[in-house]
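Notes follow once the structure below has been shown.
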Protein chains: 2
Amino acid sequence: MAFMIAQRAYIKLYLISMVEQRRGYGYQMLEELKEEFKPFGYVPPQSEIYRALHELVQEGVLYRTKHLKGNDPSVDFQEIVLYHFTDDGLEKAELYKKQVKVDLDRCIGMLNKAVADNY
Amino acid sequence: MAFMIAQRAYIKLYLISMVEQRRGYGYQMLEELKEEFKPFGYVPPQSEIYRALHELVQEGVLYRTKHLKGNDPSVDFQEIVLYHFTDDGLEKAELYKKQVKVDLDRCIGMLNKAVADNY
DNA sequence: CTATGAACATTGTGTTCATCG
DNA sequence: CGATGAACACAATGTTCATAG
């Protein structure tokens, strides 16, 4: 059992939720998460977001589609990669989330215990 | 800013508290911590305890004294290393604890947020 | 087996670089 | 610059080994 939850798992959790809701692409999700965690002084590194997304693809949870960002190719040629759940992706994702939940609770317990024990 | 609190810092916190209370030595503190975290399935590795203690000595918080475990040398020759606060060690330790507290609260906040956001 | 310590190996992560339109 | 990706480097760990009594 590792000491704390890994950053990777933490980020995957958010990515799954974001794919559940809107159709997002990496860079945008990165920017959203940066904003989200600003109050905590935590800046999720770009590489971790992409690594997490690639892992989720590797694990058969997500698949990728390429699109142009704007609707009019003459205006915007920027390619982006959208992520969607595979056939059994949602199922796998929910299972993963359950496992992470257990770990989150464990970590919260240990941190709260440290506060109770040492202050 | 790192993602989560380091195991090292977490352990140092407990070691400081343990030195504050009883006079303990490494192996004993290790065993106590193992017992303490059993409910969480977390087994603090032996190497981390010694590394943490050595760092606290390095930082001028603690100093070491060598003793025989038993009072009667003819019975028990086992050498142990006891740790005590240096002159300004307690002061340094309190400062360190304050800093760790900030990080603990930050981490608890981020983990609770993850639960709130994704479940 | 208790007790301390260090060496070694590895994994996660941070930083930098590369590419493309 | 927005967007994706990979290479590289490193620090924090996990595991194993060494020593002593």
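Proteins come first, then strands; the chains are lettered A, B, ... in the order of their sequence lines, and each starts at number 1.
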Scan nucleotides 16-21 of chain C against the protein and return all N/O pairs shorter than 3.5 Å with their distances rounded to 0.1 Å.
none

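For A:E48, the side chain to side chain donor-acceptor pair (under 3.5 Å) partners at least two apart in sequence or on another chain are A:R8, A:R51. With sequence neighbours excluded, the residues satisfying side chain to side chain contact (heavy atoms under 4.5 Å, CB included) with B:L90 are B:E20, B:F85, B:E94. A:K38 meets the salt bridge (charged side-chain N to carboxylate O under 4.0 Å, His left out) test with A:E35; sequence neighbours excluded. Residues satisfying the side chain to side chain contact (heavy atoms under 4.5 Å, CB included) test with B:K113, not counting sequence neighbours, are A:Y14, A:E36, A:F37, A:F40, B:D117. Listed by chain and residue number, A:E31 satisfy the salt bridge (charged side-chain N to carboxylate O under 4.0 Å, His left out) test with A:K34 (two or more places apart in sequence, or in another chain).
Alongside B:M1, the hydrophobic cluster contains no other residue (criterion: ILVMFWY side chains under 4.5 Å). Taking a 4.5 Å side-chain heavy-atom cut-off between Ile, Leu, Val, Met, Phe, Trp and Tyr, the cluster of A:I80 extends to A:Y25, A:Y27, A:Y50, A:L82.
A salt bridge is absent between B:K92 and B:E59; no separation between the charged side-chain nitrogens and carboxylate oxygens falls under 4.0 Å.
When the local axes at the two ends of the helix from C:dC1-D:dG21 to C:dG21-D:dC1 are compared, using 5 base pairs at each end, they differ in direction by 30° after rounding to 10°.
Considering only side-chain N and O atoms, B:R8 lies under 4.0 angstrom from the phosphate OP1 or OP2 of D:dT13. Here B:Y50 reaches the OP1 or OP2 of C:dT4: one of its side-chain N or O atoms lies under 4.0 Å away.
At a threshold of 4.0 angstrom between heavy atoms, the contacts of A:Y10 with the nucleic acid are absent.
Rounded to whole angstrom, the span from the NE2 atom of A:H54 across to the P atom of D:dA7 amounts to 12 Å.
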